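Bear in mind that the values here come from a model prediction, so they are computed numbers and not experimental data.
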Amino acid sequence: MKIKVPLKKRINDSYNIHVQEGILADIPKYLLKNKYGKKYAIITDSNVKKLYAGKLQKHLKNHKIDSFIIPFPAGEKSKNLSTVEKICSQLNILGIDRQDCIIALGGGVTGDIAGFVASIHLRGIPFLQVPTTLLAMTDSSIGGKTGVDMSEGKNLIGTFNQPKDIFIDISTLLS
């Protein structure tokens with residue numbers, strides 16, 4: 001199923017939400033068709049890395065799509081500027097530039113961090129949401145809210161950054 005999210009004032013920011021069981025295996029077909037980027041940085045937490053990042057990367061490799069996995073420690077405690085800086089450093093080391101794309105693979109924390117990183121790395125590069133939790137599927141993946149926490153409170157540093165597309169694989173809810 002495909003749901004179009006039209007953004008009237010910012011038509012170029014409109015995107016589609018693709019909902020399908022097993023869509024992780026089909027994501028490479030969308031990437032080849034839509035040319036979101038030349039290389040893909042899969043940003044994920046340590047828990048989701050074990051479950052799905054390797055599978056997604058294998059699907060990409062089978063379609064000759066270059067990708068890199070950039071993990072961070074799972075949990076809200078990682079949702080901070082220090083994690084953002086480490087991820088941006090990794091993107092620089094890997095040579096991720098404006099011709100490339102970030103894939104946010106995971107729950108709400110991952111979507112917030114990866115979307116924020118995409119909005120600030122080289123002043124903005126495209127990103128895709130691949131939410132793996134119900135909350136991320138319904139909240140974090142819609143509306144473009146991104147951000148990180150400070151010691152004074154949650155989500156105090158952030159941007160609104162619409163993904164290019166969202167891919168919801170409902171089978172991830174089984175984990």
Flag for [Y]-[X]: side-chain donor and acceptor within less than 3.5 Å:
X: Thr83; Y: Asn80; value: yes
X: Thr44; Y: Thr110; value: no
X: Asp165; Y: Tyr36; value: yes

Would a 4.5 Å heavy-atom cut-off, applied to side chains only, mark [X] and [Y] as touching?
X: His59; Y: Ile27; answer: no
X: Ile43; Y: Phe72; answer: yes
X: Asp66; Y: Lys38; answer: no
X: Pro126; Y: Cys101; answer: yes
X: Leu31; Y: Leu128; answer: yes

Q.
Applying the ring pair (Phe, Tyr, Trp, His ring centres under 6.0 Å) criterion to Phe167, which one of Tyr52, Tyr30, Tyr15 satisfies it?
A.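 Among Tyr52, Tyr30, Tyr15, the one that satisfies the ring pair (Phe, Tyr, Trp, His ring centres under 6.0 Å) with Phe167 is Tyr30.
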
Do [X] and [Y] share a hydrophobic cluster, counting only Ile, Leu, Val, Met, Phe, Trp and Tyr and linking them when any side-chain heavy atoms are less than 4.5 Å apart?
X: Leu94; Y: Ile120; answer: yes
X: Leu51; Y: Leu134; answer: no
X: Ile166; Y: Met1; answer: yes
X: Val48; Y: Leu135; answer: no

From [X] [atom1] over to [Y] [atom2], what is the distance, rounded to the nearest 0.5 angstrom?
X: Ser67; Y: Leu60; atom1: OG; atom2: CG; value: 4.5 Å
X: Lys77; Y: Asp149; atom1: NZ; atom2: CG; value: 12.5 Å
X: Lys49; Y: Leu105; atom1: NZ; atom2: CG; value: 12.0 Å
X: Thr133; Y: Asp139; atom1: OG1; atom2: CG; value: 9.5 Å
X: Gln20; Y: Ser171; atom1: CD; atom2: OG; value: 9.5 Å
X: Ile23; Y: His18; atom1: CD1; atom2: NE2; value: 6.5 Å

Minimum heavy-atom distance [X]-[Y], with the two atoms named:
X: Met137; Y: Ile142; value: O-CD1, 4.1 Å
X: Asp97; Y: Leu122; value: CA-CD1, 3.4 Å
X: Gly115; Y: Asn161; value: O-ND2, 3.0 Å
X: Thr159; Y: Ser119; value: OG1-OG, 2.9 Å

Is a side-chain donor or acceptor of [X] paired with a backbone partner of [Y] at a separation under 3.5 angstrom?
X: Lys35; Y: Leu32; value: yes
X: Asp169; Y: Leu24; value: yes
X: Asp100; Y: Lys39; value: yes
X: Ser78; Y: Pro73; value: yes

What residue among Ile69, Leu56, Ile70 forms side chain to side chain contact (heavy atoms under 4.5 Å, CB included) with Ile103?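 The passing option is Leu56.
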
More than 12 heavy atoms of other groups within 6.0 Å of [X] [atom1]:
X: Lys33; atom1: NZ; result: no
X: Glu76; atom1: CD; result: yes
X: Lys2; atom1: NZ; result: no

Exercise for review: Check the pair Asp45 / Val109 against side chain to side chain contact (heavy atoms under 4.5 Å, CB included), numbers first and verdict last.
Suggested key: CA-CA 8 Å; Asp45 71 30; Val109 170; 5.9 Å; no

